[in-house]
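These notes are about the structure you will find just below.
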Protein chains: 2
Amino acid sequence: MLKELQQKCSKAGLKMTGQRKVILQVLEEAEDHPSVEAVYDRAKEIDSSISIATVYRTLNLLDELDLVIRHEFQEGYSRYEVNWDHHHHLVDLETGEVVEFQNEELEKLKHKIAEELGYDLVDHRLELYGKKIKKK
Amino acid sequence: MLKELQQKCSKAGLKMTGQRKVILQVLEEAEDHPSVEAVYDRAKEIDSSISIATVYRTLNLLDELDLVIRHEFQEGYSRYEVNWDHHHHLVDLETGEVVEFQNEELEKLKHKIAEELGYDLVDHRLELYGKKIKKK
DNA sequence: GTAGCTGCAAACTCTTTGCAACTCT
DNA sequence: AGAGTTGCAAAGAGTTTGCAGCTAC
């Protein structure tokens, strides 16, 4: 599915500069939820002339286009991931590892709750923070 | 229930200085989820000599003691509320108003999901973002 | 050709911290 | 008395922005 992000960006009217291609590639290949700094470091390995300002600007654009999701896992900075499919996160408090999950029951419940409060659900955020259960 | 926070702080070994009393009072009386700046402004109305550094330090202490909950509603800064009872938030995207709610079904579901992933749930975060349903 | 994009460095916002003075207990 | 707390100002982290030059379309 490489290049899919590029197509969406072009369609949105963004110019496909060399820097943007690199940043999009980094995001598409990421299997984690990289910080701006991490995206910057990985992008620099491909094109060392990229500046962090461009990374910030690009990520903000992608966020506005909803091509990317910005997370703030209570760390004081943002982390990003491509907005492929809808899921939630469980953060391992001991390792920082982020586990993704989906749950249909939860989706229904969210809408039901919002509706009961008199609202149309536009967006939401659910994060679980836990510790791995130790086997004996 | 005024003064309850003060008692908990004393019990935790914190000195009850004039500044802390003022900040605790502001938090107890708040019916919203004030930012640090907002707490500072309200505190200054009671004692204009309070510095924002003290507000930051006090809120961090209260957060460590779990007497207060720190929120980061994707705004780029923190907002606080006294940790009275457990609930979640629905943020009105049009007005910024924050509606609180509780839902037993949701509590159970959270634990079930974490367990299925092999985790003990330590903490979590759920926020809904919506728009008020217009009546005709 | 030109609107949009970039790198650089400076600026900005939110938050933390070193220090000397002060204050609860 | 003494450990903890404070205000101030400076520093720190993360992020944004003005500008002159560059580039995709």
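Quick note on labels: first sequence line is chain A, next is B, and so on, each numbered from 1. Everything numeric here is computed off the predicted structure, so don't read it as measured data.
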How many Å lie between [atom1] on [X] and [atom2] on [N], as a whole number?
X: B:Tyr40; N: C:dT13; atom1: OH; atom2: C1'; value: 16 Å
X: A:Asp63; N: D:dT15; atom1: CG; atom2: P; value: 12 Å
X: A:Gln74; N: C:dC14; atom1: CD; atom2: P; value: 18 Å
X: A:Arg79; N: D:dG14; atom1: CZ; atom2: C1'; value: 15 Å
X: A:Glu37; N: D:dG14; atom1: CD; atom2: P; value: 7 Å
X: B:Tyr56; N: C:dG18; atom1: OH; atom2: P; value: 17 Å
X: B:Leu59; N: C:dC14; atom1: CG; atom2: P; value: 15 Å
X: A:Lys21; N: D:dT23; atom1: NZ; atom2: C1'; value: 11 Å

With the threshold set at 4.0 Å, does a side-chain nitrogen-carboxylate oxygen contact exist between [X] and [Y]?
X: A:Glu107; Y: A:Lys110; value: yes
X: A:Arg42; Y: A:Asp32; value: yes
X: A:Glu4; Y: A:Lys8; value: yes

Exercise. Look at A:Tyr77 and D:dG14 and indicate whether a side-chain polar atom (N or O) is within less than 4.0 Å of OP1 or OP2.
Key: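 No.
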Quiz item: So does B:Asn60 get a side-chain nitrogen or oxygen closer than 4.0 Å to the phosphate oxygens (OP1/OP2) of C:dT16?
Solution: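 True: B:Asn60 side-chain N/O within range (under 4.0 Å) of C:dT16 OP1/OP2.
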Write down the protein N/O and nucleotide N/O pairs, taken from nucleotides 5-10 of chain D, whose separation is under 3.5 Å; answer none if there are no such pairs.
unit_1, atom_1, unit_2, atom_2, d
D:dT5, OP1, B:Lys15, N, 3.2
D:dT5, OP1, B:Arg20, NH1, 2.4
D:dT5, OP1, B:Arg20, NH2, 3.3
D:dT5, O5', B:Arg20, NH2, 3.2
D:dT6, OP1, B:Thr17, OG1, 2.9
D:dT6, O3', B:Gln19, NE2, 2.7
D:dG7, OP1, B:Ser49, O, 3.0
D:dG7, OP1, B:Ser51, N, 3.3
D:dG7, OP2, B:Ser51, N, 3.2
D:dG7, OP2, B:Ser51, OG, 2.9
D:dG7, OP2, B:Thr54, OG1, 2.0
D:dG7, N7, B:Arg57, NH2, 2.8
D:dG7, O6, B:Arg57, NH2, 3.2

Quiz item: Side chains of A:Gln102 and A:His88: do they bring a donor and an acceptor to under 3.5 Å?
Solution: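 Checked: A:Gln102/A:His88 side chains show no N/O donor-acceptor pair below 3.5 Å.
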Distance-only donor-acceptor hits, side chain of residues 53-62 of chain B, under 3.5 Å, sequence neighbours excluded:
unit_1, atom_1, unit_2, atom_2, d
B:Thr54, OG1, B:Ser51, OG, 3.4
B:Thr58, OG1, B:Thr54, O, 2.7
B:Asn60, OD1, B:Arg70, NH2, 2.5

Side-chain donor-acceptor pairs of residues 14-22 of chain B under 3.5 Å, sequence neighbours excluded:
unit_1, atom_1, unit_2, atom_2, d
B:Thr17, OG1, B:Arg20, N, 3.2
B:Arg20, NH1, B:Lys15, O, 3.0

